[in-house]
Novice: 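Take this structure first; my questions come after.
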Amino acid sequence: MTRRLTLITLALSALAFGAGSAQAQSDTVKIGVILPMTGQSASTGKQIDAAIKLWVAQNGSKAGGKKVEVILKDDAGVADTTRRLAQELVVNDKVVALAGFGLTPLALATAPIATQSKTPLVVMAAATSMITEASPYIVRTSFTLPQAAVSIAEWAAKNKVKKVVTLVADYGPGNDAEKYFADRFVLNGGTVAEKLRTPLRSPDFAPVLQKVRDAAPDALFVFLPSGQGAQFMKQFGERGLAKAGIKLIATGDVTDDDQLNDMGDVALGVVNSHHYSAAHPSPANKKYVEAFEAANKFRPNFMSVGGYDGMRVIYNALNTTKGAGGDALLAAMKGQIFESPRGPVLIDAQTRDIVQDIYIRKVERVNGQLYNIEFDVQKGVKDPGKLK
Ligand code: VNL
């Protein structure tokens with residue numbers, strides 16, 4: 001009896017050992033994607049998930065000689081959930097990379113897990129400058145708010161805008177947008193009359209728009225996270241700010257391609273700065289938009305290219321390491337150069353942040369549809385938050 005039990009125990013542990021070693025040299029590598037698929041930022045999850053699926057459909061589910069398995073988890077935009085899901089993906093699923101991260105607090109909450117487990121973490125959406133400094137394992141394929149805000153501040157100062165009020169969402173990327181816009185605008189001779197903020201969750205724009213009216217600036221500069229632009233634009237229109245002669249300028253998060261076409265005439269003429277427009281006139285982008293719209297029946301926005309290029313960075317790196325993870329995979333992500341649907345892109349090897357062109361655009365109606373039409377560009381913009 002004892003002997004039989006021992007034999008069974010031996011057999012079981014041999015099985016367990018066998019399974020373990022099969023896992024270690026598995027033919028499959030897993031990528032853990034965490035996105036807000038529900039809740040206030042669900043449109044960001046929807047866009048990035050669609051882009052990841054498009055990448056896999058176009059490039060196959062093999063990289064570095066291994067089968068790639070993407071595991072998608074919904075954090076509903078709640079940081080404690082993001083961290084817990086990341087932990088499970090690392091410990092139980094043994095993912096080679098974590099990816100996604102729809103909001104800054106979600107990326108920051110997960111940074112220690114990337115560091116402790118030496119798992120590369122690809123930020124596809126969140127855009128506060130300092131995120132890449134929260135872990136040496138973080139690589140970013142989205143953008144930074146300083147990249148966008150400095151460019152529109154330059155444009156405003158050169159285009160008869162003297163007095164501005166700023167309005168931002170009251171958290172990381174809003175702080176960045178407010179600071180980098182104001183610093184550059186004032187440096188170029190402008191005045192910031194007032195700095196207003198709305199909460200990240202369920203903002204009400206009516207009271208702040210009244211303050212803007214009272215301050216009567218030449219322009220209102222706005223940053224709000226993807227998903228809030230349409231509601232803001234509606235209230236901006238209803239409160240008659242444009243009629244009062246107050247120009248609207250913004251980062252492209254506000255004139256987001258996900259919602260732009262439904263915003264109506266109030267959005268026409270809004271000048272804004274960003275790294276991606278669905279109307280970007282390059283053959284690579286035409287191909288991207290056509291394939292994306294055919295697969296999804298909605299237009300790709302700037303979040304989608306962060307997801308698409310994030311997958312590209314992971315696939316490229318897996319091809320270099322032949323499927324190995326950890327420090328080798330991280331090293332293979334650094335310094336990548338490629339043409340994105342947005343234009344030429346570099347993953348800066350020192351900062352692990354993205355270097356890209358920032359476009360100045362104006363909302364125009366083209367063939368009955370609203371688009372951000374690019375009319376000026378600043379080439380190869382490094383995150384100004386890292387030029388200290
Ligand atoms: C963030 C920045 C989120 C820009 C956004 O949309 C955005 C962020 C959800 O870092 O939280 O457009």
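Atoms within each ligand, like the ligands themselves, are counted from 1 in listed order. In this text, all values refer to a predicted model and were calculated from it rather than measured experimentally.
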Novice: Under a 4.0 angstrom heavy-atom cut-off, which atoms of ligand 1 come close to Ala127?
Specialist: 2 (C), 8 (C), 10 (O)
Novice: For Asp257 and Ala278, indicate whether the former's side chain and the latter's backbone hold a donor-acceptor pair under 3.5 Å.
Specialist: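 Checked: pair present.
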Novice: Among Val95, Val90, Val91, which residue satisfies the side chain to side chain contact (heavy atoms under 4.5 Å, CB included) criterion with Asp93?
Specialist: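 Exactly one pass, corresponding to Val95.
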Novice: Answer with yes or no whether Gly172 contacts ligand 1, where contact means a heavy atom under 4.0 Å from a ligand atom.
Specialist: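 In this structure, Gly172 fails to qualify as a contact of ligand 1 - no heavy atom is under 4.0 Å.
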Novice: Out of Tyr171, Phe101, Phe143, who gets a non-hydrogen atom closest to atom 11 (O) of ligand 1?
Specialist: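 The residue whose heavy atom sits nearest atom 11 (O) of ligand 1 is Tyr171.
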Novice: Any cation-pi pair here, Arg299 with Tyr371, using under 6.0 Å and within 45°?
Specialist: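 Yes, a cation-pi geometry holds between Arg299 and Tyr371.
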Novice: Tell me whether Arg197 is salt-bridged to Glu178, with the criterion being a basic N under 4.0 Å from an acidic carboxylate O.
Specialist: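 Yes, this pair counts.
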Novice: If you count the atoms of ligand 1 from 1 in the order shown, which ones are under 4.0 Å from a heavy atom of Met303?
Specialist: 5 (C), 6 (O), 7 (C), 9 (C), 12 (O)
Novice: Suppose I only count heavy atoms of Phe302 and a 4.0 Å limit; which atoms of ligand 1 are within that range?
Specialist: 12 (O)
Novice: Would a 4.5 Å heavy-atom cut-off, applied to side chains only, mark Thr141 and Val345 as touching?
Specialist: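 A side-chain contact under 4.5 Å is absent here.
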Novice: Between the main-chain N or O of Ile373 and the side-chain N or O of Glu364, is there a donor-acceptor pair closer than 3.5 Å?
Specialist: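 Judged by distance alone, no pair lies under 3.5 Å.
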Novice: Distance under 4.0 Å to a non-hydrogen atom of Gly102: what atoms of ligand 1 satisfy this?
Specialist: 3 (C), 9 (C)
Novice: As an exercise, identify every atom of ligand 1 less than 4.0 angstrom from a heavy atom of Asp253.
Specialist: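 Reading through ligand 1 atom by atom, the close ones are 4 (C), 7 (C), 12 (O).
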Novice: Go through the structure and list residues passing side chain to side chain contact (heavy atoms under 4.5 Å, CB included) with Thr351, not counting sequence neighbours.
Specialist: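 Thr351 satisfies side chain to side chain contact (heavy atoms under 4.5 Å, CB included) with Asp348, Asp353, Lys386 once adjacent residues are dropped.
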Novice: Polar contacts were defined as any N/O atom of the residue lying under 3.5 Å from an N/O atom of the ligand; does this apply to Ser226 and ligand 1?
Specialist: yes
Novice: With respect to Thr44, determine whether any N or O atom, backbone or side chain, lies less than 3.5 Å from an N or O atom of ligand 1.
Specialist: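 Not met; the criterion fails.
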Novice: Heavy-atom contacts with Ala126 under 4.0 Å: which atoms of ligand 1 show up? List them by number with element.
Specialist: 8 (C), 10 (O)
Novice: For atom 10 (O) of ligand 1, find the nearest protein heavy atom and state the residue, atom name and distance (0.1 Å precision).
Specialist: Thr104 OG1, 2.5 Å
Novice: What residues, two or more places apart in sequence or in another chain, satisfy side chain to side chain contact (heavy atoms under 4.5 Å, CB included) together with Asn319?
Specialist: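 Counting only residues at least two positions away or on another chain, Asn319 forms a side chain to side chain contact (heavy atoms under 4.5 Å, CB included) with Ala63.
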